[in-house]
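Here is the structure we will look at.
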Amino acid sequence: DTAVSQTPKYLVTQMGNDKSIKCEQNLGHDTMYWYKQDSKKFLKIMFSYNNKELIINETVPNRFSPKSPDKAHLNLHINSLELGDSAVYFCASSLTGTGRRFTDTQYFGPGTRLTVL
Amino acid sequence: KQEVTQIPAALSVPEGENLVLNCSFTDSAIYNLQWFRQDPGKGLTSLLLIQSSQREQTSGRLNASLDKSSGRSTLYIAASQPGDSATYLCAVRPAGSGNTGKLIFGQGTTLQVKP
């Protein structure tokens, strides 16, 4: 199936731990994103990578570090997890238009529900 | 700073009704506006994308309009069905975001269509 996939779907962990979430897309897109959806369902962009280059970093604590080994993968590593990190994290991808103008729609993964105890 | 607001936050209608969801944004400098659907425990599915030069887009029973100058968009759902029950999210792509893919989302309207 062509899609954006994330692992794991659920992640429950203790405060202070370090965890990673993986994202893969097989849509041939060159741009990938991480979004955070809080308990009030508000969705906010965290990071964006184009061709493995970081192009958006939205005042996210440096405990969050994205890594893009290739255009099809964008992983999110979180150090020293805090209670406030509990949320649903969505990965998305899109295909850029000409001249790096982003005109195409974004395709979202199913989300990873992170619970920090 | 671009802000996106959706009204109402929740809506419950009987099956078969036509309904309108509203989205407003504070800065008219946008590349496009998109409507997404989110089912409980699932990711987002893109429904319609309207470029800044367009006024509306249609897909099946869905019609989205865009009035960029007034900072408003509506999503019209005709002949609603129980399967339409979901949260509908509006998102704008700011023109001033340096040609990135950044989207700014509203908080969504949760729709329940009763059989």
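Just the heavy atoms: all of them, side chains too, but no hydrogens, waters or symmetry mates, feed the values below. Quick note on labels: first sequence line is chain A, next is B, and so on, each numbered from 1.
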Would a hydrophobic clustering, with Ile, Leu, Val, Met, Phe, Trp and Tyr connected at side-chain separations under 4.5 Å, put Leu76(A) with Tyr35(A)?
-> no
Return the option, out of Gln37(A), Lys44(A), Gln6(A), Lys9(A), with the maximum number of heavy-atom pairs under 4.5 Å with chain B.
-> Gln37(A)
Residue by residue, which of residues 107-115 of chain B have a heavy atom closer than 4.5 Å to a heavy atom belonging to chain A?
-> Gln107(B)
dist Trp34(A):CH2 -> Tyr49(A):OH (nearest 0.5 Å) comes out at 12.0 Å
Within a radius of less than 6.0 Å around CZ of Phe105(B), do more than 12 heavy atoms belonging to other residues, nucleotides or ligands occur?
-> yes
Take atom CZ of Arg63(A) as the centre, draw a 6.0 Å sphere, and report whether it contains more than 12 heavy atoms from other residues, nucleotides or ligands.
-> yes
Taking every heavy atom of Gln34(B) against every heavy atom of Thr105(A), the minimum-distance pair comes out as OE1-OG1, 2.6 Å
Passes side chain to side chain donor-acceptor pair (under 3.5 Å), Ser28(B) versus Ser69(B)? Steps please.
-> CA-CA 6 Å; Ser28(B) 61; Ser69(B) 60; over 6 Å; no
